[in-house]
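Notes to accompany the following structure.
One-based numbering, in listed order, for ligands and for the atoms of each. The analysis underlying the following values was restricted to heavy atoms, covering all of them including side chains, and did not include hydrogens, waters or symmetry mates.
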Amino acid sequence: MEALAVEVAVPVPLEETFDYALEPGAQAEPGVRVLVPHGGRRVVGVVVAVKPAREARARGALRRVIQVLDEEPVLPAGLLDAVLRAAREALCAPGVALAAAVPPGTAPRPGTRVALLPAGMRALERGELRGTLASVLWALGKRARSEAELRARFPAAVPALARLERLGLIARSAGTDPPRVRARSERVYRVAPGLDLERAKRELARAPRRLELLLALGSAPAPARSTAALRALVDAGWVLCEEREVVRSSRVEPLVQPGDVPELTPHQRAAVAEIAAAIEAGRSTQFLLYGITGSGKTEVYQRAAEAALARGRAAIVLVPEISLTHQVVDRFRARFGERVAVLHSGLSAGERFDQWRSIREGRVPIAIGARSAVFAPYPELGLIAIDEEHDAAYKSEEGFRYHARDVARLRAERAGCPLVLGSATPDVATAWRCAHGEIARLVLPERVARRPLPQVEIVDLGAEKGRRGMLSRALREALAETLAAGRQAILFLNRRGFAGHVYCFACGFALRCRHCDVSLVYHAGAGPRRAREPLEGELRCHYCGYREDPTETCPSCGSREGGMHGFGTERLFEELVAAYPTARIGRLDRDTSARKGAQRAILAAFHRGELDVLVGTQMVAKGHDVPGVTLVGVILADLGLHFPDFRAGERTFQLLTQVAGRAGRGDDPGRVVIQTFLPGHYAVELARTHDYPRFYREEIARRRPHGWPPFRDLVQVALSGPREAAVEAAAQALAGLAKTVPCADVDGEKVEVLGPAPAPLARIRDEFRWQLLLLGGHEGVRRVAGELARHARGPGFAGVHLRLDAGPLQML
Ligand code: ADP
Ligand code: ZN
Ligand code: ZN
């Protein structure tokens with residue numbers, strides 16, 4: 001038989017993979033994990049290909065795989081391939097990407113085995129050793145154990161082990177420790193098949209306890225307390241004892257109860273028919289399910305999932321954040337029961353592993369979850385659906401910086417199944433691809449049961465004189481009416497705070513870069529600026545590096561009230577309690593939901609109508625479907641608009657539309673009040689008229705002259721380090737280099753280099769941060785970025801860390 005080698009992706013930030021020889025007779029296929037030597041260490045990598053040993057590449061002698069860790073691939077072929085391709089797109093090392101695609105802690109770890117030698121055994125038996133040395137040897141017993149385990153049990157064993165080894169009493173060798181996260185099993189008992197019960201009764205006449213136990217046990221395996229009587233029955237062969245795996249799960253009370261399966265509306269029916277046809281034909285069509293809030297998108301995902309299951313295929317459904325969109329999960333559970341696995345970060349490692357295994361072993365055909373559920377290891381996919389596809393939560397912001405939508409597309413292409421992207425406010429890039437024919441459009445143009453969209457009213461805060469506190473007269477009146485009618489209200493304050501905002505609180509004016517049309521950021525040099533402090537430092541554009549001196553007075557209205565004031569949900573809450581003493585008011589923000597389960601408890605109380613008003617941050621804006629809500633108030637729409645990002649308008653429009661969509665989902669019509677200093681801003685005005693198509697045209701027209709995505713691809717090159725001069729010098733050097741990398745040949749487009757500039761958060765935990773941006777064709781920006789990364793591994797970059805983000809969503 002021919003000698004084999006495997007190509008392995010190791011979890012280090014290198015683009016290349018490495019070849020290793022397999023022991024003769026060893027088996028490995030792509031997708032299994034292997035323990036291999038790498039750079040003087042042993043690491044767990046993933047096999048990406050198997051080839052004849054003579055085709056293997058090696059600098060010196062071909063090194064050997066130490067151990068093959070899985071019998072079955074942890075990543076089915078389609079998933080393996082999609083992750084490798086997504087890693088290339090995201091400029092991530094393949095090994096790092098693959099490590100992110102399997103649940104953490106489930107691979108055996110490189111470790112040291114310790115075994116007792118015959119000399120050790122003799123010394124032990126003769127009682128020649130005492131204290132820790134003896135305890136360690138006793139613990140070792142006959143079988144080799146992991147050194148880590150011994151150390152954990154005998155913290156004093158660390159020097160003892162070395163001594164025992166020198167004395168020739170133990171031997172240490174390289175091996176593996178079991179994974180941190182393992183399947184859990186329990187003992188189950190059942191009456192042995194074919195047992196002659198009458199005979200057993202006779203023989204056990206004088207052992208009533210055993211007889212009673214035997215009669216209580218059935219023929220189906222069940223857990224039981226291990227007693228002497230039970231053990232005796234097992235020893236006698238009358239009862240069988242088996243190990244059975246348990247699935248750990250922490251079920252939470254659903255917010256929605258299973259309802260009847262509704263008759264589809266004609267638009268829903270048309271959408272489901274198109275998706276089902278693609279499933280039937282095995283076509284990897286991408287669909288944009290553009291449906292206004294409350295139009296019944298979830299029902300479409302459910303019917304599409306049914307169609308996939310009917311063809312014997314699996315379905316993956318992604319939701320932005322499980323805790324906030326739990327209703328979608330509840331509704332799938334209500335419809336599909338035990339056929340649904342739920343994956344999200346709130347699970348314990350063990351629960352997560354169990355859910356993942358039920359998917360891998362084909363026990364559950366539907367996986368629903370947050371971003372990482374896109375890695376659900378199904379070999380045969382029939383559908384991937386992404387709810388609220390515009391949500392930024394789908395982008396991973398650490399390690400493997402993938403966008404779940406990109407991984408989903410690659411998986412769908414590989415599996416030959418449709419990808420459904422659902423939203424009332426699609427990502428501008430998705431709508432653009434739809435307009436260019438890459439994505440098919442499905443539309444749900446009206447709310448279910450012909451419920452009207454809510455009336456949206458804009459309140460110009462600058463025009464209201466004598467306002468004290470955060471609520472305008474209009475919002476106060478609307479709230480009073482809602483409470484008097486016994487209805488519920490949501491008040492939303494987008495306080496994703498940003499200390500560097502330069503913002504006039506009197507008129508709402510914010511300074512923007514004249515080149516990039518994004519907000520300028522104040523860099524004080526030392527810490528965040530407090531209100532009314534004299535302005536030192538400078539204003540910077542963190543895209544292009546443009547700088548300006550700050551002014552004491554607002555360039556627009558002359559007020560000296562620049563800067564952000566200390567206001568947030570807590571103050572809003574207090575103001576409301578004072579103004580409406582009899583109302584039951586709940587608050588949902590990072591502070592109130594820190595405790596586990598607290599967020600859900602608040603939401604559940606609101607759902608049950610035990611709260612009249614829910615006040616909160618982004619958490620209140622998403623997904624909730626509470627029929628009693630007739631009023632939604634937005635305290636200050638401008639906050640998101642001043643975010644120093646070219647997507648500020650898009651984010652604000654999406655958020656306003658989402659939060660407005662929470663109103664009027666029951667039988668009574670909804671009403672929305674948006675407070676702002678910028679009543680004429682297109683994002684605010686078009687959210688008022690629920691006009692996504694016009695918003696899209698406006699947004700596209702604004703991005704075109706700058707060439708922002710989707711016109712060109714964007715890569716962020718972020719540098720950080722403890723010495724500012726070194727970080728800045730590295731940024732300058734890379735910016736210079738970036739301009740010289742030839743790339744016009746790959747897609748006929750020159751790559752534009754913006755910056756370098758300090759990042760908006762210029763310093764985090766004593767690390768200084770700079771960045772540059774690459775704008776250009778898909779291949780071009782990636783080629784330049786790759787070149788910069790290689791260069792940054794060379795001399796001159798000591799103490800500077802480089803990170804690449806292809807398609808960055810938040811450039812802090
Ligand atoms: P979206 O996700 O588009 O905002 P949902 O899927 O939450 O909308 O649907 C809004 C409400 O309408 C839900 O309460 C849902 O149960 C209900 N619904 C969906 N489709 C139908 C239908 N065809 N007939 C009646 N009610 C429906
Ligand atoms: Zn002003
Ligand atoms: Zn600029």
Side-chain angles (χ1 to χ4, degrees), residues 254-272 289-305 317 319-320 324-332 334-335 385-391 420-426 442-451 453-454 511-521 539-548 607 621-629 644-646 657-667 670 690 705-708 752-758 760 771-773 775 811:
L255 291 174
V256 272
Q257 298 308 322
D260 296 335
V261 178
E263 177 116 359
L264 294 181
T265 65
H267 288 111
Q268 281 174 324
R269 202 175 311 127
V272 171
L289 179 63
Y290 167 55
I292 61 171
T293 56
S295 59
K297 294 186 285 293
T298 309
E299 189 62 41
V300 174
Y301 309 141
Q302 292 193 327
R303 299 296 177 99
V317 179
V319 294
L324 301 175
T325 38
H326 217 283
Q327 284 185 42
V328 178
V329 178
D330 290 349
R331 276 156 70 178
F332 268 84
R335 179 87 44 101
I386 306 186
D387 190 31
E388 309 289 8
E389 67 89 32
H390 62 277
D391 200 291
V420 178
L421 306 169
S423 179
T425 53
L442 305 171
V443 187
L444 304 181
E446 55 199 13
R447 279 189 163 182
V448 167
R450 307 213 163 235
R451 283 171 198 141
L453 276 171
L511 281 166
R512 298 177 86 78
C513 173
R514 58 189 66 180
H515 308 293
C516 305
D517 195 29
V518 300
S519 293
L520 295 179
V521 175
L539 300 172
R540 295 291 294 255
C541 167
H542 71 279
Y543 279 21
C544 72
Y546 167 80
R547 63 179 92 196
E548 228 178 67
H607 270 259
K622 292 189 179 164
H624 315 301
D625 186 10
V626 184
V629 174
D645 190 326
F646 74 88
T657 308
Q658 285 298 317
V659 68
R662 301 311 109 213
R665 293 170 80 92
D667 295 333
H690 309 283
H706 300 284
W708 294 132
E752 185 184 356
V753 183
L754 291 185
Q771 65 181 27
L772 50 131
L773 300 176
L775 270 164
M811 283 169 279

Verify the distance criterion only: is there a donor paired with an acceptor across the side chains of Thr293 and Arg447 at less than 3.5 Å?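 Indeed, the side chains of Thr293 and Arg447 share at least one donor-acceptor pair under 3.5 Å.
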
Heavy atom to atom 3 (O) of ligand 1, shortest distance: which of Glu299, His267, Arg447, Lys297 holds it?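 Closest candidate by heavy-atom distance is Lys297.
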
Of the protein's non-hydrogen atoms, which lies at the shortest distance from [atom], and what is that distance?
atom                    : answer
atom 4 (O) of ligand 1  : Gly294 N, 2.7 Å
atom 24 (N) of ligand 1 : Pro262 CB, 3.4 Å
atom 11 (C) of ligand 1 : Asp625 OD2, 3.9 Å
atom 6 (O) of ligand 1  : Arg331 NH2, 2.9 Å
atom 20 (N) of ligand 1 : Gln268 NE2, 3.0 Å
atom 27 (C) of ligand 1 : Val448 CG1, 3.3 Å

With Arg547, which residues qualify under side-chain contact (heavy atoms from CB on, under 4.5 Å), at least two apart?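 Partners of Arg547 by the side-chain contact (heavy atoms from CB on, under 4.5 Å) criterion, ordered by chain and then number, come out as Glu538, Arg540.
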
His706: partners by ring-ring contact (aromatic ring centres under 6.0 Å, His included), with sequence neighbours left out: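 Checked His706 against ring-ring contact (aromatic ring centres under 6.0 Å, His included); matches are Trp708.
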
Contacts of Tyr290 that satisfy ring-ring contact (aromatic ring centres under 6.0 Å, His included) - sequence neighbours left out: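 ring-ring contact (aromatic ring centres under 6.0 Å, His included) check on Tyr290 returns Tyr692.
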
Measure the spacing between [atom1] of [X] and [atom2] of [Y] and express it to the nearest 0.5 Å.
X      : Y      : atom1 : atom2 : answer
Leu444 : Ile292 : CG    : CD1   : 8.5 Å
Cys544 : Glu752 : SG    : CD    : 10.0 Å
Thr298 : Asp330 : OG1   : CG    : 11.5 Å
Thr425 : His690 : OG1   : NE2   : 12.5 Å
Glu388 : Lys297 : CD    : NZ    : 6.0 Å

Pull out every atom of ligand 1 sitting under 4.0 Å from any heavy atom of [X], numbered as shown with elements.
X      : value
Thr265 : 23 (N)
Thr298 : 2 (O), 6 (O)
Glu263 : 22 (C), 23 (N), 24 (N)

With only distance considered, is [X] within less than 3.5 Å of ligand 1 through an N or O on each side?
X      : value
Thr293 : no
Gly296 : yes
Gly291 : no

From CA spacing to verdict: side-chain contact (heavy atoms from CB on, under 4.5 Å), Leu289, Leu421: CA-CA 6 Å; Leu289 179 63; Leu421 306 169; over 6 Å; no

Arg514, CZ atom: more than 12 neighbouring heavy atoms under 6.0 Å: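 No, not enclosed.
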
Given side-chain hydrogen bond (donor to acceptor under 3.5 Å, both in side chains), test Tyr546 with Glu548 step by step and report yes or no. CA-CA 7 Å; Tyr546 167 80; Glu548 228 178 67; 2.5 Å; yes

Under a 4.0 Å heavy-atom limit, does Ile292 contact ligand 1 with its side chain, its backbone, both, or neither?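 Only the backbone of Ile292 comes within reach of ligand 1.
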
Within reach of ligand 1, part of Ser295 (heavy-atom separation under 4.0 Å):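 Both backbone and side chain.
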
Tally of protein N, O or S atoms, where distance to the Zn ion (ligand 3) is under 2.8 Å: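 For the Zn ion (ligand 3), the figure is 4.
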
I'd like to check Glu299 versus Pro262 (side-chain heavy atoms, cut-off strictly below 4.5 Å). Are they in contact?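 Answer yes - side chains close enough.
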
